[in-house]
Amino acid sequence: MRIDVVSIFPEYLAPLDLSLIGRARREGLLDLHVHDLRSWTTDRHRTVDDTPYGGGAGMVMTPEPWAQAVDHLASVGDRSYAGARPLLVVPGPGGRRFDQAMAHELAAEPWLAFACGRYEGIDERVYDYAAEALDGRVRVVSLGDYVLNGGEVAVLAITEAVARLLPGVVGNAASLVEESHEDGLLEYPVYTKPASWRGRGVPPVLLSGDHGAIATWRHRQRLERTAARRPDLLEASAAVNGDDPLPIR
Ligand SMILES: NC(=S)c1ccno1
């Protein structure tokens with residue numbers, strides 16, 4: 001997978017050099033290109049914003065640098081990928097909610113590009129321009145119903161959630177199963193040595209060696225934890241599957 005990120009703070013993406021994502025890049029599983037939007041400015045101050053038409057607080061990101069960034073991505077597609085175009089993801093509070101299902105969707109894409117807005121946002125005409133230049137593949141995506149100062153933090157989160165699903169990135173693919181949100185349930189509690197710690201023990205079933213009993217216990221823990229913390233997930237599952245949210249009584 002190739003990922004391009006355009007930002008006025010490229011150094012914000014430095015954490016993508018670390019840990020599993022950094023190793024995936026070094027092993028060629030992930031081809032990451034981070035671009036400074038200001039490299040597509042022409043004035044002495046490398047300006048990327050201006051006052052909003054219609055008034056209001058703050059500044060709006062001007063369209064031209066973004067259009068040149070989009071043109072660069074299209075030219076990369078023409079030059080190196082037989083005319084292919086990336087799916088452009090623009091993080092923003094007004095976007096479609098990012099979730100594990102979308103992480104899988106994005107992980108199936110060969111090429112993602114992220115546009116990190118700042119200030120009060122990007123001139124709306126850029127979205128239309130990008131849609132024309134990128135075969136209509138532009139998606140505004142929100143991590144949640146809250147406001148960040150820009151898209152970079154969201155790109156870090158989305159990139160990690162997506163890249164870890166790529167074959168070979170997470171050492172043991174089995175660890176991706178039974179994770180929270182993979183099948184509509186939260187994950188079960190985990191324990192490790194020592195068996196007795198500051199007067200607290202480990203559930204005896206986990207020390208029993210009875211794998212069937214352990215699996216049953218873990219599933220029940222997932223159901224109970226989901227019911228306690230995220231009942232909405234159970235209601236959504238019941239609405240879709242028509243099943244009793246807590247079949248184990
Ligand atoms: N909620 C998201 S993803 C966001 C991006 C910028 N501000 O909020």
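Every number for a ligand or one of its atoms is a count from 1 in the order of the listing.
Summary of contacts: the protein heavy atom closest to atom 3 (S) of ligand 1 is L143 N, 3.1 Å. In terms of protein heavy-atom proximity, atom 8 (O) of ligand 1 is nearest to L148 N, 3.0 Å.
Polar contact check, Y146 against ligand 1: a nitrogen or oxygen pair lies under 3.5 Å apart.
Atoms of ligand 1 found under 4.0 Å from any heavy atom of G144, numbered from 1 in the order shown, are 1 (N). Listed by atom number, the atoms of ligand 1 under 4.0 Å from G150 heavy atoms are 5 (C), 6 (C). Atoms of ligand 1 lying under 4.0 Å from any heavy atom of G92, numbered from 1 in the order shown and given with element: 2 (C), 3 (S), 4 (C), 5 (C).
Side chain of R139 to backbone of L87: no donor-acceptor contact under 3.5 angstrom is found. Here the side chain of R164 pairs no donor or acceptor atom with the backbone of V170 at under 3.5 angstrom.
Side chain to side chain, D31 and W111 fail the donor-acceptor criterion of an N or O pair below 3.5 Å.
Here the options are R229, Q221, E179, E224, the test is side-chain contact (heavy atoms from CB on, under 4.5 Å), and the partner is L186; only R229 passes. Put simply, the residue from L165, T159, L112 that forms a side-chain contact (heavy atoms from CB on, under 4.5 Å) with L106 is L112.
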